[in-house]
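Here's the structure we're looking at; comments come further down.
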Amino acid sequence: MTTDIKETTEKAPLNFIEEIIEKDIAEGKHDGRVHTRFPPEPNGYLHIGHAKSICLNFGLAQKYGGKCNLRFDDTNPVTEDTEYVDSILGDVRWLGFEPDNIFYASDYFDKLYEFAVDLIKKGKAYVDDSTPDEIAAMKGTPTRPGTDSPYRNRSVEENLDLFTKMKNGEFKEGSRVLRAKIDMASPNMIMRDPVLYRIKFAHHHRTGDKWCIYPLYDMAHGQSDSIEKITHSICTLEFMPHRELYDWCIDNLEIFPSKQYEFARLNLNYTVMSKRKLKQLVEEKYVSGWDDPRMPTISGMRRRGYTAAAIRNFATRVGIAKRENVIDLSLLEFCVREDLNKIATRSMAVLDPLKVVITNYPEGQTEWLETENNPEDPESGTRKLPFGRELWIEQDDFMENPPKKFFRLSPGQLGRLKSAYIIQVDEVVKDASGEVTELHCTYFPESKSGEDTSGLKPKATLHWVSAEHAVAGEVRLYDRLLMVENAADDPRDFKELLNPDSLVVVKNAWLEPSLADVTPNDHFQFIRLGYFTPDADTKPEKPVFNRTVTLRDAWAKIAKKG
RNA sequence: UGGCUCAUGGUGUAACGGUAGCACUACAGAUUUUGGUUCUGUCUGUUAAGGUUCGAAUCCUUAUGAGCCAACCA
């Protein structure tokens, strides 16, 4: 077992949390046991930032032969809902992790209440009748110490009595709180007699109306960790000031000493990550829902066609450290292309069609040509494609007056039709306004793919679909959510920064016939266009595809430069 | 103007007092029936100033910059 760890050590450098864990194991702390937890509040859907945390916590448990719990931090009944609980569990499982235990902070409400009573009995907590405004005023500021509440020195008996009455619903909501008795002059604002319990006559999604007092984060989180005997409680940087209180509670309650460690949360450019903002996008209908493929939510990315493997790989590559960071979207895209390149079935679809008539090809004739399903995967086999006299190709693949680096079709320039024949353009047909409507071409019969004796070497290979056999489908093209890299650096409201072209719908794309019959979690590469996946809106008579990500596009870069 | 935390190429992340490495991006070339993939190469970095040391990205001091903390949110 130690050998395993040593070997791993030599292979990959450890992040600072792994170093702590390995040191703890080496010192025999908790008999070498590693137990982590992923503790979401069920008040929204999980996003890619949570994925980083999930991969970290579950990954650590896997690496060190430990356990990882999923714990819903459901201590605030007014914001939480079972809809979120369900989606969170689904997302964790989809990412490929099965929690060793599924717990809820609300499971511990009785225990937490006992803890609170214990603190009161130890003279470490008191009931405060001050108003929220008064409490805020007495808190002081970072540069000025706070002042003691007039209720701070109530007797244990009185506190016990008052707290019982709070629990029994004898006081109005907001009229009293339970506070820890620590230090109103602490340089750490969190330690200035933090509120532990508040009165809320709210229906809780799991405990119903049993409780009218609810613990706050600091009275619930570390205590829950301790109850579950969590060894390494990993959270994000903004909880750093809470660690002192986390330890204070555990010390004074004399319970299992879980330890908190903080790492920097994930930020991605060209998107927003805060739950508040994501919720706003959903509620104000800027997007179709939490699973809109433009959302950085796990459900949105899944719908868009991201694979769990790609997301896990991404989570590994971004690393774990304490430095604030903004990850390039290009890394995420790299990860998904890397995975999809290996597994996506190649197929052909034309999004912006231009008719090609092969004038020397017999009318009414259909040939079924063989094509590979995935050149990266020899096991993937081949399939047949229908070829005929009339085809669709991409508008972009023809230019009447091409620039020098344009390799595709133009008058006089040859082009290879993927898995079919080489053609040349003989005549450009235009409408009254001068728009190109049709290309009349000839093909070279001896240039058939696989048995080409023509000796011709066209510079480009084009994708195409037989007009007679093409299936109509809708294709949704997604782009970055925001126009700017970092919304936080922009004075404008983030909703003014939304990319108006984040969704472009191609109502009538022509798809090769094999794409008429697809199943939800399929992944395709539409050759030369990108990776696509069937959307949930797909109906038998009308397939709908989402573009997961484009292919890298060298030509687009050249064209952009001019 | 209090406390805590952080600072390495464009973006991330290693190097634990001894050759600043890796990945993404960008750029260039080779291969290619996807301007994809694959392969090769190139550019770019230790926030600053002092100090300790034979030797500092690493230790110390100061400065600078960034983040977090004053919900009965988590």
Side-chain angles (χ1 to χ4, degrees), chain A residues 12-15 19 39-41 43 73-76 78-80 105 128 130-132 135-137 139-146 173-179 186-192 194-200 213-214 216-218 220-221 235-244 262 264 269 275 317-335 337-338 341-342 346 348 371-372 375-376 405-408 416-420 422 447 449-450 452 457-463 525-530 550-559:
Chain A
L14 302 177
N15 63 50
E19 281 179 358
E41 182 189 10
N43 67 347
D73 222 339
D74 56 350
T75 57
N76 187 358
V78 303
T79 57
E80 296 153 6
D128 195 329
S130 308
T131 66
I135 289 178
K139 199 125 197 169
T141 70
T143 51
R144 253 207 315 271
E173 186 161 318
S175 64
R176 282 180 173 81
V177 291
L178 182 73
R179 289 229 258 170
S186 172
N188 182 354
M189 299 287 293
I190 302 289
M191 297 298 279
R192 321 246 261 227
V195 175
L196 264 19
Y197 263 90
R198 80 284 222 187
I199 300 170
K200 266 185 201 290
I213 56 171
Y214 292 93
L216 276 98
Y217 171 85
D218 293 299
H221 199 100
C235 61
T236 45
L237 250 30
E238 66 270 26
F239 290 97
M240 205 157 11
H242 290 260
R243 188 176 62 223
E244 193 179 352
E262 311 88 12
N269 57 15
K275 244 184 217 175
R317 282 174 184 262
V318 296
I320 301 297
K322 301 185 83 150
R323 174 154 55 137
E324 301 282 344
N325 60 80
V326 183
I327 306 293
D328 269 346
L329 191 58
S330 62
L331 180 63
L332 216 209
E333 294 185 339
F334 168 82
C335 290
R337 287 188 187 113
E338 186 185 43
N341 179 48
K342 290 181 294 190
R346 271 53 172 178
M348 294 204 275
T371 190
E372 55 201 346
E376 303 296 317
K405 285 191 174 167
F406 187 81
F407 300 155
R408 283 108 98 144
R416 154 76 65 185
L417 295 176
K418 172 75 179 171
S419 298
I422 294 171
S447 68
S449 282
D452 184 352
K457 294 276 176 253
K459 281 205 272 188
T461 300
L462 276 33
H463 61 277
Q525 184 194 98
F526 290 178
I527 287 182
R528 302 209 299 140
L529 296 178
T550 61
L551 257 23
R552 290 186 72 218
D553 190 345
W555 167 243
K557 284 179 189 169
I558 295 166

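So you know, we letter chains A, B, ... as the sequences are listed, proteins then strands, and number each from 1. Quick note: numbers below take in every heavy atom, side chains included, and nothing from hydrogens, waters or symmetry partners.
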Problem - Nucleotide A26(B), atom P - distance to CG of Leu329(A) in whole Å - result: 12 Å
Problem - Nearest-0.5 Å distance that lies between atom CD in Glu262(A) and atom CE in Met240(A) - result: 5.5 Å
Fill in the blank from the handout: Nearest heavy-atom contact between Asn188(A) and Glu244(A) is ND2-OE1, 2.9 Å
Practice task
Between G29(B) and G36(B), how far apart are the P atoms? Round to whole Å, please.
Solution key: 13 Å
Handout entry: A71(B): syn or anti, per glycosidic angle within 90° of 0
Key = syn
Handout entry: Between A70(B) (P) and Glu244(A) (CD): distance, integer Å
Key = 15 Å
Exercise for the section: Report the nucleotide, chosen from U1(B), U33(B), A23(B), that has the shortest atom-to-atom distance to any side-chain atom of Thr143(A). Expected result: U1(B)
Exercise for the section: Take atom P in U11(B) and the same atom in A26(B), then report the distance between them in whole Å. Expected result: 15 Å
Problem - Closest to side chain of Arg198(A), choosing from C6(B), A74(B), U33(B) - result: A74(B)
Practice task
Indicate whether OP1 or OP2 belonging to U33(B) is found under 4.0 Å from a side-chain N or O atom of Lys457(A).
Solution key: no
Handout entry: Polar side-chain contact Ser449(A)-U33(B) base: donor and acceptor under 3.5 Å
Key = yes
Problem - Atom pair distance, as rounded to whole Å: CD in Glu338(A) and C1' in U25(B) - result: 15 Å
Problem - Given C24(B), G36(B), C4(B), the nucleotide with the shortest approach to the side chain of Arg552(A) - result: G36(B)
Handout entry: Distance, rounded to the nearest Å, where Lys322(A) contributes NZ and A66(B) contributes C1'
Key = 16 Å
Handout entry: Residue whose nearest RNA chain B nucleotide is more 5′ - Ile527(A) or Leu331(A)
Key = Leu331(A)
Practice task
Considering only atom P, compute the distance from G55(B) to G21(B) and round it to an integer number of Å.
Solution key: 23 Å
Problem - Proximity to the side chain of Met189(A) - top-ranked nucleotide from G35(B), U34(B), C69(B) - result: C69(B)
Exercise for the section: Answer with yes or no whether Arg528(A) presents, from its side chain, a donor or acceptor under 3.5 Å of a partner atom in the base of U34(B). Expected result: no
Exercise for the section: Report the nucleotide, chosen from G35(B), C69(B), U13(B), that has the shortest atom-to-atom distance to any side-chain atom of Ala321(A). Expected result: U13(B)
Completion exercise
In whole angstroms, the gap separating C1' of U13(B) from CD1 of Ile327(A) amounts to 9 Å
Exercise for the section: May I have the step-by-step check of side-chain contact (heavy atoms from CB on, under 4.5 Å) for Ile422(A) and Asp452(A), ending in yes or no? Expected result: CA-CA 9 Å; Ile422(A) 294 171; Asp452(A) 184 352; 3.9 Å; yes
Practice task
State whether a side-chain donor-acceptor pair under 3.5 Å links Ser130(A) with Asp128(A).
Solution key: yes
Exercise for the section: Write down the distance separating the C1' atoms in C39(B) and A57(B), rounded off to the nearest Å. Expected result: 33 Å
Practice task
May I ask you to evaluate whether Arg408(A) reaches the phosphate of G35(B), defined as a side-chain N or O under 4.0 Å from OP1 or OP2?
Solution key: no
Completion exercise
When rounded to the nearest 0.5 Å, the distance separating CD of Glu41(A) from OG1 of Thr79(A) is 4.0 Å
Exercise for the section: When you get a sec, tell me which of U5(B), U37(B), C69(B) is the closest nucleotide to the side chain of Ile190(A)? Expected result: C69(B)
Problem - Sub-4.5 Å side-chain heavy-atom contact between Phe239(A) and His221(A) - result: no
Fill in the blank from the handout: Taken to the nearest whole Å, CD/Glu372(A) to C1'/U34(B) is 9 Å
Completion exercise
Against the side chain of His242(A), the closest entry in C72(B), A74(B), U34(B) is A74(B)
Practice task
Convert the base pairs of RNA chain B into dot-bracket notation, remembering that pairs crossing earlier ones are written with [ ] and that bases paired across to another strand are shown as |; include only Watson-Crick or G-U pairs under 3.5 Å.
Solution key: .((((((..((((....[..)))).(((((.......)))))....(((((..]....))))))))))).....
Exercise for the section: For side-chain contact (heavy atoms from CB on, under 4.5 Å), just list the numbers for Arg552(A) and Lys557(A), CA-CA rounded to whole Å, side-chain angles, deciding distance to a tenth of an Å, and then say yes or no. Expected result: CA-CA 10 Å; Arg552(A) 290 186 72 218; Lys557(A) 284 179 189 169; 4.0 Å; yes
Problem - pair Met189(A)-Pro241(A): side-chain heavy atoms closer than 4.5 Å - result: no
Handout entry: Phosphate OP1/OP2 of A26(B): any Lys557(A) side-chain N/O under 4.0 Å
Key = yes
Problem - Atom C1', compared across C4(B) and U40(B): separation rounded to whole Å - result: 48 Å
Completion exercise
Picking from C72(B), U34(B), G2(B), the nucleotide nearest the side-chain atoms of Arg346(A) would be U34(B)
Problem - A74(B) phosphate, OP1 or OP2, under 4.0 Å from Thr75(A) side-chain N/O - result: yes
Handout entry: hbond_proxy Glu376(A) side chain to U38(B) base (donor-acceptor, 3.5 Å cutoff)
Key = no
Exercise for the section: Kindly indicate whether the side chain of Arg337(A) and the base of U37(B) share any N or O donor-acceptor pair separated by less than 3.5 Å? Expected result: no
Problem - Atom C1', compared across U19(B) and U33(B): separation rounded to whole Å - result: 46 Å
Practice task
Could you measure between the two P atoms, the one in U34(B) and the one in U13(B), and give it in whole Å?
Solution key: 37 Å
Handout entry: For atom NZ of Lys342(A) and atom C1' of U38(B), their distance in whole Å
Key = 14 Å
Handout entry: Rounded C1' spacing from C73(B) to A48(B) in Å
Key = 40 Å
Practice task
Find out whether Asp328(A) and Glu333(A) are in side-chain contact, i.e. whether some heavy atom of one side chain is under 4.5 Å from a heavy atom of the other.
Solution key: no
Practice task
Using the closest heavy atom to pick a nucleotide of RNA chain B for each, name whichever of Arg176(A) or Leu332(A) lands nearer the 5' end.
Solution key: Leu332(A)
Handout entry: Minimum side-chain heavy-atom gap Arg337(A)-Gln525(A) below 4.5 Å
Key = no
Practice task
Could you check whether Tyr217(A) and the base of A74(B) form a stacked pair, meaning centres closer than 5.5 Å and planes differing by less than 30°?
Solution key: no
Exercise for the section: Looking only at side-chain atoms of Asn325(A), point me to the closest of U34(B), C69(B), G12(B). Expected result: G12(B)
Problem - Gap between atoms CZ and P, on Phe526(A) and G35(B) respectively (whole Å) - result: 17 Å
Handout entry: CZ on Arg179(A) to CG on Leu196(A), rounded to 0.5 Å
Key = 10.5 Å
Practice task
Please determine, for the side chain of Phe407(A), which listed nucleotide (C72(B), G35(B), U25(B)) has the closest atom?
Solution key: G35(B)
